[in-house]
Amino acid sequence: INRPHSNAILRPDFKFADMGIGGLDDEFSVIFRRAFASRVFPPGLVEQMGISHVKGLLLYGPPGTGKTLIARQIGKMLNAREPKIINGPEILNKFVGQSEENVRKMFADAEKEYKQKKEDSDLHIIIFDELDAVCKQRGSGAGGGTGVGDSVVNQLLSKLDGVDQLNNILLIGMTNRKDLIDDALLRPGRLEVHVEISLPDENGRIQILNIHTAKIRAVNKLADDVDLNELARLTKNYSGAEISGLVKAALSYAFTRHTKLGDVTGVSGNPNDVMLKRGDLMKALD
Ligand code: ATP
C-alpha cells in the first residue's frame, strides 16, 4: 500500500456539547489531542513532519463511567466506521486457538477494507473491552490456565507492531484494572496513550443528569419539584451508567402511578398526565 498515512475527516457538524457525554470534557480533550489530532491533519504534512499516528489508546477506570461511550462518539466525530468490539472474557471462552484467530481476523478485515477503499478518511476503531481478562500478566496462566490469554496478547502485540503502514487502525483497550495490563502492551507504539476515566464529580453528575433527563424535559414531563443540583449532591460515587439507571427506575415509578394492575385496560387516568416527580427519583435512590 502506498498510502501510509490515512486521514480522518472531522465532521464539522459535530460538537462536544451534543455528544451526550457528561463531565468528561478534560478527558475528551486529552484523548483527542494525543490520539486523534494528527489524524485530521493533511496526510502529506503529517508524513513530511515524520509523525506517526497513535495506534492504541487505553481507557481505564471504574465500570459505567463512559469509556465505551467516548470511544463510539469519537468514532462518529471522525466519520469512522462503526467500531468493532471484542470482549476479553468472551474471547477466552472460545476454543483454544480460536481466540488469536479472532483477533487476527479483526485486524485482517480492517486491512482488507482499507485496501479496497479509495478514500483516505477510512478510520477503523477496534475496541477491546475488558482487556485485563486476557492480560493478567503473561506467563501467569490467564484464561483458566490454558495459555489462551497469552496467545491473545501475543497476537495483539504482533498486530500492533505490524500496522505501521496501516495508519487507519486504532485500537482502544478498556479496563477497570490497569494494574493487570501487560506492560508490553502499554509501550510506545502500542497502547501508548493512557487516560483515566473516573467517577464523575458533582458538576459532572449535574451534566449527566441533564443529559439523561433531556428528552423528558423536552416534552415538559419533568415536574417543577425536581432539582437536579440536589440530585447531583445525593448521587455521590454514582457512575454515569448508575445515574442513567436511576432516571429509568424513577420513570418506571412515574408510569406505575398511571397503571392499574390486574385490569385489562391497564392504564388509569390520562397517560398524558405522566410526570417525573421528585418523589419518584427519591424512591429510586433508596
Ligand atoms: P464498562 O467498564 O462497564 O464497560 P463503560 O465505562 O464503558 O463501562 P459505558 O458503557 O460507556 O461505560 O456507559 C454505559 C452507559 O451509561 C452509557 O451508554 C450512558 O448511557 C451512561 N453513561 C456512562 N457515563 C456517562 C457519561 N459520562 N455521560 C453520560 N452518560 C454516561
Side-chain angles (χ1 to χ4, degrees), residues 14-32 35-36 56-78 80 82-93 125-136 170-181 185-186 191 193-218 222 226 228-229 231-252 276 281 284-285:
F14 228 83
K15 296 195 194 71
F16 180 70
D18 300 335
M19 285 190 180
I21 305 173
L24 294 172
D25 307 28
D26 292 346
E27 290 81 352
F28 184 83
S29 92
V30 170
I31 294 169
F32 189 76
F36 292 95
L57 171 69
L58 182 78
L59 300 182
Y60 64 97
T65 43
K67 297 183 286 298
T68 312
L69 193 61
I70 227 168
R72 283 183 179 281
Q73 293 294 50
I74 287 184
K76 280 193 199 152
M77 188 176 86
L78 295 175
E82 186 61 19
K84 295 190 160 73
I85 302 187
I86 331 179
N87 180 276
E90 247 169 52
I91 223 169
L92 287 184
N93 284 334
I125 295 178
I126 299 178
I127 295 178
F128 204 124
D129 201 10
E130 299 186 63
L131 181 60
D132 48 286
V134 294
C135 272
K136 314 220 158 109
L170 182 99
L171 178 68
I172 305 183
M174 306 210 177
T175 182
N176 308 321
R177 294 287 309 273
K178 184 177 178 238
D179 58 306
L180 293 179
I181 306 296
L185 265 173
L186 301 179
L191 300 180
V193 175
H194 313 155
V195 181
E196 182 172 11
I197 309 288
S198 14
L199 288 173
D201 60 13
E202 195 174 313
N203 201 27
R205 295 195 297 275
I206 294 176
Q207 289 181 29
I208 296 171
L209 281 161
N210 265 306
I211 289 167
H212 288 282
T213 55
K215 287 188 178 155
I216 304 166
R217 282 181 289 115
L222 193 68
V226 176
L228 296 186
N229 295 320
L231 216 53
R233 282 195 298 279
L234 294 172
T235 46
K236 193 162 187 276
N237 293 328
Y238 272 54
S239 66
E242 285 168 335
I243 292 175
S244 154
L246 173 82
V247 173
K248 282 192 188 130
L251 262 183
S252 75
L276 181 62
L281 287 152
L285 263 178

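Note that this is a predicted model, so its numbers are computed, not measured. When a ligand or atom number is given, it counts from 1 through the structure's own listing order. Below, all heavy atoms of this structure are taken into account, side chains as well, without hydrogens, waters or symmetry copies.
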Just so I know, are the side chains of I86 and D129 near enough to count as touching, which here means a heavy-atom distance under 4.5 Å?
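SC-SC contact between I86 and D129 ruled out.
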Determine whether I127 and M174 make a side-chain contact, defined as any pair of heavy atoms from C-beta on separated by less than 4.5 Å.
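Counting from C-beta outward, I127 and M174 do come under 4.5 Å.
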Give the residue and atom name of whichever protein heavy atom lies nearest to [atom], and the separation in Å to one decimal.
| atom | result |
| --- | --- |
| atom 18 (O) of ligand 1 | L69 CD1, 4.2 Å |
| atom 22 (N) of ligand 1 | G240 C, 3.6 Å |
| atom 27 (N) of ligand 1 | G22 O, 2.9 Å |
| atom 7 (O) of ligand 1 | T68 OG1, 2.5 Å |
| atom 29 (C) of ligand 1 | G20 O, 3.3 Å |
| atom 2 (O) of ligand 1 | K67 NZ, 3.0 Å |
| atom 23 (C) of ligand 1 | G64 O, 3.2 Å |

Quick check on contacts: which atoms of ligand 1 are under 4.0 angstrom from a heavy atom of [X]?
| X | answer |
| --- | --- |
| N176 | 2 (O) |
| L24 | 27 (N) |
| T65 | 5 (P), 6 (O), 12 (O), 23 (C), 24 (N), 27 (N) |
| I21 | 28 (N) |
| D129 | 4 (O) |
| A241 | 14 (C), 16 (O), 21 (C), 22 (N), 23 (C) |

Please report the interatomic distance CE(M19) to NZ(K76), rounded to the nearest 0.5 Å.
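Answer rounded to 0.5 Å: 9.0 Å.
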Candidates [options] - the one meeting side-chain contact (heavy atoms from CB on, under 4.5 Å) with [X]:
| X | options | value |
| --- | --- | --- |
| I70 | I31, V195, L57 | I31 |
| Y238 | I243, I208, L199 | I243 |
| K67 | N176, I172, L24 | N176 |

Applying salt bridge (charged side-chain N to carboxylate O under 4.0 Å, His left out) to E82 and R72, what does each step give before you reach the verdict?
CA-CA 8 Å; E82 186 61 19; R72 283 183 179 281; 2.5 Å; yes
Is there a side-chain contact (heavy atoms from CB on, under 4.5 Å) between R205 and L228 once you walk through the steps?
CA-CA 9 Å; R205 295 195 297 275; L228 296 186; over 6 Å; no
Please state which option from G61, S244, G66, P63 has its nearest heavy atom closest to atom 12 (O) of ligand 1.
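That would be G66.
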Contact between ligand 1 and H212 is defined here as a heavy atom of the residue under 4.0 Å from a ligand atom; is it met?
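Heavy atoms of H212 do come under 4.0 Å of ligand 1.
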State whether the side chain of E130 and the backbone N or O of N87 hold a donor-acceptor pair below 3.5 Å, judged by distance alone.
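No; zero donor-acceptor contacts below 3.5 Å.
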Please test T175 against F128 for side-chain contact (heavy atoms from CB on, under 4.5 Å), starting from the C-alpha separation and ending with a verdict.
CA-CA 9 Å; T175 182; F128 204 124; over 6 Å; no
